[in-house]
J.: 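What follows is a structure written as structure tokens; I'll ask about it next.
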Number of protein chains: 2
Amino acid sequence: MELELECQGHDFLKENTVDEVALMFKALSDPSRIRILYLLSQEACSVNHIAEVLQLTQSAVSHQLSYLRTLRLVKFRREGNSLFYSCDDEHVISLLKQAIQHAEHR
Amino acid sequence: MELELECQGHDFLKENTVDEVALMFKALSDPSRIRILYLLSQEACSVNHIAEVLQLTQSAVSHQLSYLRTLRLVKFRREGNSLFYSCDDEHVISLLKQAIQHAEHR
DNA sequence: AAGCTATATGAACATATACTCATATACAAT
DNA sequence: ATTGTATATGAGTATATGTTCATATAGCTT
């Protein structure tokens, strides 16, 4: 049966698909972004709150949020002077949580 | 009910966990590695075969396999002069395939 | 309007990344 | 042993990445 399978054709990934997947995983491949996304998966947060909780500078957080916004992984609503960010891609959050589960239980 | 949730404590990720997750996603964040892993998820391949099929140099493939080996995402068996690589982490392949599905159907 | 707070942004920098090229290693075959 | 084939590896390089620092923008308050 292995031999049968070896003779079949293979899926080939479209360049577009590969690049999109790469971008998606790249977004998840940095510790700061992982912590930001995980925090936002639990509650909407202002930029300063994220910075305080995660012990990052406001600027670093803002840059990362800008990055995540571009990929539409987060969205925000304004409330007075503050911007409350939250997750905007459940699928990505799902992947993140699976990876966390996997890393924790080992 | 939203108010209730806002008052609860939050999960915090251990530094170790964050770093492991980051490494894992970093492995999946490069187009060449994505294509290599996806190919290997379909059949075990020699280094040269990977290079031919994916139109990469032997050296580039070998470097990436070395990277993936370090993370134990691939393993290999020797057969004569050739080394046949295959996937060694079903969980990572699962994440990869989910991301591909997500990217394709949109 | 002026001053205050929250956030965004650009430049600069140090490090990481992925590749190429040249060469080394390992096994096979004669 | 020598040659050939398959793979690995080290150095070098160009580009990408994540942060900091300084400054800009936007909205609130008085």
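The sequence lines fix the lettering, A, B, ..., with proteins before strands; numbering per chain opens at 1.
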J.: Taking the side chain from A:Arg78 and the backbone from A:Leu83, do they hold a donor-acceptor pair closer than 3.5 Å?
T.: no
J.: Once the angle between the rings of B:Phe25 and A:Phe25 is folded into 0 to 90°, is it parallel (under 30°), tilted (30 to 60°) or perpendicular (over 60°)?
T.: parallel
J.: A:Leu23 has an atom CG; how far is it from atom C1' of C:dT17, in whole Å?
T.: 16 Å
J.: Starting at CG of A:Asp19 and ending at P of C:dA18, how long is that distance when rounded to a whole Å?
T.: 14 Å
J.: Between the base of D:dT17 and the side chain of A:His63, is one N or O donor paired with an acceptor at under 3.5 angstrom?
T.: no
J.: When you measure from the side-chain N and O atoms of A:Asn48 to the phosphate of C:dT7, is any distance below 4.0 Å, counting only OP1 and OP2?
T.: yes
J.: Assign A:Ser82 to base, sugar-phosphate, or nothing according to its heavy-atom contacts below 4.0 angstrom with the strands shown.
T.: sugar-phosphate
J.: Can a donor-acceptor pair under 3.5 Å be found between the side-chain atoms of A:Gln58 and the base atoms of C:dA6?
T.: no
J.: Given C:dA8, C:dC19, D:dT7, identify the nucleotide with an atom nearest to the side chain of B:Val47.
T.: D:dT7
J.: Taking any heavy-atom pair under 4.0 Å as a contact, classify A:Ser62: base, sugar-phosphate, or nothing.
T.: base
J.: Would you say D:dT20 has OP1 or OP2 under 4.0 Å from some side-chain N or O of A:Thr57?
T.: yes
J.: Counting neighbours of CZ on B:Arg77 that are heavy atoms of other residues, nucleotides or ligands and sit closer than 6.0 Å, is the number greater than 12?
T.: yes
J.: Any side-chain N or O of A:Ser32 under 4.0 Å from OP1/OP2 of D:dG18?
T.: no
J.: Can you check the B:Leu56 CG to C:dT20 C1' distance for me, whole Å?
T.: 13 Å
J.: Between A:Asp30 and A:Glu79, which residue's closest nucleotide on DNA chain D lies nearer the 5′ terminus?
T.: A:Asp30
J.: Measure the distance from CZ on A:Arg77 to P on D:dA26 and round it to the nearest whole Å.
T.: 21 Å
J.: Apply side-chain hydrogen bond (donor to acceptor under 3.5 Å, both in side chains) to B:Gln98 and B:Ser94, showing your working.
T.: CA-CA 6 Å; B:Gln98 288 177 58; B:Ser94 163; 3.2 Å; yes
J.: Quick one: label A:Tyr85 by what it contacts on the DNA or RNA (base, sugar-phosphate, nothing), any heavy atom closer than 4.0 Å.
T.: sugar-phosphate
J.: Distance check needed: D:dT5 P versus B:Asn81 CG, whole Å only.
T.: 10 Å
J.: For the residue pair A:Leu37 and A:Ile93, what are the closest heavy atoms and their distance?
T.: O-CD1, 4.1 Å
J.: Please state how far atom OH in B:Tyr67 lies from atom P in D:dT9, giving the value in whole angstrom units.
T.: 16 Å
J.: Within less than 4.0 Å of OP1 or OP2 of D:dG18, is there a side-chain N or O belonging to A:Arg33?
T.: yes
J.: Using whole Å, what does the distance between atom C1' of nucleotide D:dT17 and atom CG of A:Leu28 come to?
T.: 16 Å
J.: Check the distance between C:dA6's P and A:Leu65's CG and give it to me in whole angstrom.
T.: 16 Å
J.: Look at the side-chain N and O atoms of A:Gln64 and state whether any lies under 4.0 Å from the OP1 or OP2 oxygen of D:dT19.
T.: yes
J.: Where the side chain of A:Ser59 is defined as all heavy atoms beyond and including C-beta, which of D:dT5, D:dA22, D:dA26 is the nearest nucleotide?
T.: D:dA22
J.: Are the side chain of A:Ser62 and the backbone of A:Ser59 linked by a donor-acceptor contact shorter than 3.5 Å?
T.: no
J.: Which nucleotide in the list D:dT7, C:dT20, C:dA26 gets nearest to the side chain of B:Arg78?
T.: C:dA26
J.: Respond yes when some side-chain nitrogen or oxygen of B:Lys26 is under 4.0 Å from OP1 or OP2 of C:dA16, and no when none is.
T.: no
